[in-house]
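Below, each value reflects all heavy atoms present in this structure, side chains not excepted, and no hydrogens, waters or symmetry copies.
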Amino acid sequence: MNTATHFLVPLFSGIIIATIVRSWIRNKCLRLLNRFREVGANDQDHAIPLREIPEKESWIFDRLVNSEVVVTACDGRCFLDEDALKRHRTRNHATRLIVIGVGFAVGLGVFLLSYFVFNPK
């Protein structure tokens, strides 16, 4: 393998894996948000009981609650706050850049490791 191949294969592998994981998480999150939209749970008056949400035990649901995108009321019901969702998406732009940077760093690290350790001199 030449130097370019040593660099490009791990780099693109890291970026592809990061993209697949991000897409999977986004898909799960959108399904959960669409469930709230379908039943019209967009304010306290139209909140739905937690027992009607099968994903309530998932870490994605916990993340949405912690970021206040899904608001839980004291009576055990919850609803989607669209304004908080917009703020959440703006904040997550930085996270996307970090994920891309980490994918690049992993690819670069694998390249440097393979070049300096496994390259006979």
Side-chain angles (χ1 to χ4, degrees):
M1 265 199 258
N2 62 19
T3 305
T5 305
H6 278 285
F7 176 71
L8 293 176
V9 169
L11 173 67
F12 286 125
S13 298
I15 291 173
I16 289 169
I17 290 170
T19 303
I20 290 170
V21 169
R22 183 183 171 279
S23 297
W24 180 80
I25 292 170
R26 186 174 187 272
N27 187 27
K28 294 287 235 180
C29 187
L30 285 175
R31 266 195 263 163
L32 182 59
L33 295 175
N34 285 335
R35 184 178 308 255
F36 282 98
R37 289 181 180 128
E38 287 171 1
V39 296
N42 55 2
D43 59 14
Q44 181 118 12
D45 297 333
H46 299 97
I48 57 175
L50 278 172
R51 67 180 176 276
E52 292 182 17
I53 304 170
E55 298 92 350
K56 68 179 174 270
E57 300 297 327
S58 73
W59 63 271
I60 293 174
F61 182 76
D62 292 338
R63 182 177 170 209
L64 291 173
V65 170
N66 290 338
S67 60
E68 298 176 352
V69 171
V70 173
V71 180
T72 56
C74 57
D75 60 353
R77 299 179 338 145
C78 56
F79 63 94
L80 174 65
D81 185 352
E82 292 284 353
D83 294 331
L85 178 60
K86 290 176 188 170
R87 290 190 301 274
H88 178 70
R89 286 184 175 160
T90 302
R91 284 191 310 262
N92 277 349
H93 183 68
T95 305
R96 284 183 222 133
L97 294 176
I98 291 170
V99 168
I100 291 170
V102 167
F104 179 76
V106 167
L108 183 61
V110 170
F111 161 71
L112 292 174
L113 180 69
S114 66
Y115 184 76
F116 289 113
V117 174
F118 300 113
N119 195 14
K121 295 195 181 208

Visitor: To the nearest 0.5 angstrom, please state how far the CZ atom of Arg87 sits from the CG atom of Asp81.
Guide: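 Nearest 0.5 Å value for the CZ-CG distance: 6.0 Å.
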Visitor: Return the minimal non-hydrogen interatomic distance between Gln44 and Ala73, and the atom names on each side.
Guide: NE2-CB, 3.5 Å
Visitor: Enter the distance from Ile48:CD1 to Arg77:CZ here, rounded to the nearest 0.5 Å.
Guide: 9.5 Å
Visitor: Between Phe79 and Val70, is there a shared hydrophobic cluster once you connect ILVMFWY residues whose side-chain heavy atoms come closer than 4.5 Å?
Guide: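 No, Phe79 and Val70 fall in different hydrophobic clusters.
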Visitor: Using the side-chain contact (heavy atoms from CB on, under 4.5 Å) criterion, which residues pair with Arg89? Sequence neighbours excluded.
Guide: Leu30, Leu33, Arg37, Leu85
Visitor: Between Asn34 and Arg31, is the side-chain contact (heavy atoms from CB on, under 4.5 Å) condition met? List the steps.
Guide: CA-CA 5 Å; Asn34 285 335; Arg31 266 195 263 163; 5.8 Å; no
Visitor: Any idea which heavy atoms bring Ala47 and Ala41 closest together, and the distance?
Guide: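 Scanning both residues completely, I find the closest heavy atoms to be CA-CB, 4.4 Å.
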Visitor: Please tell me whether Val71 and Leu64 are part of a single hydrophobic cluster in this structure, the criterion being side-chain heavy atoms less than 4.5 Å apart.
Guide: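 Hydrophobic grouping puts Val71 apart from Leu64.
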Visitor: Do Arg63 and Asn66 touch side chain to side chain, with heavy atoms closer than 4.5 Å?
Guide: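 Not touching, per the 4.5 Å side-chain cut-off.
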Visitor: Count I, L, V, M, F, W, Y as connected when their side-chain heavy atoms are under 4.5 Å apart, and connections chain through other members. Are Leu50 and Val65 then in the same cluster?
Guide: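 Same cluster: Leu50 reaches Val65 through Ile, Leu, Val, Met, Phe, Trp or Tyr contacts under 4.5 Å.
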Visitor: Looking at Glu68 and Ala84, what are the two nearest heavy atoms and their distance?
Guide: O-CB, 3.2 Å
Visitor: Do the ring planes of Phe36 and Phe61 sit parallel (below 30°), tilted (30 to 60°) or perpendicular (above 60°)?
Guide: parallel
Visitor: Do Leu80 and Ile53 sit in one hydrophobic cluster, given that two such residues count as connected whenever their side-chain heavy atoms are within less than 4.5 Å of each other, even indirectly?
Guide: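 They do share one cluster, since a chain of ILVMFWY contacts under 4.5 Å joins Leu80 to Ile53.
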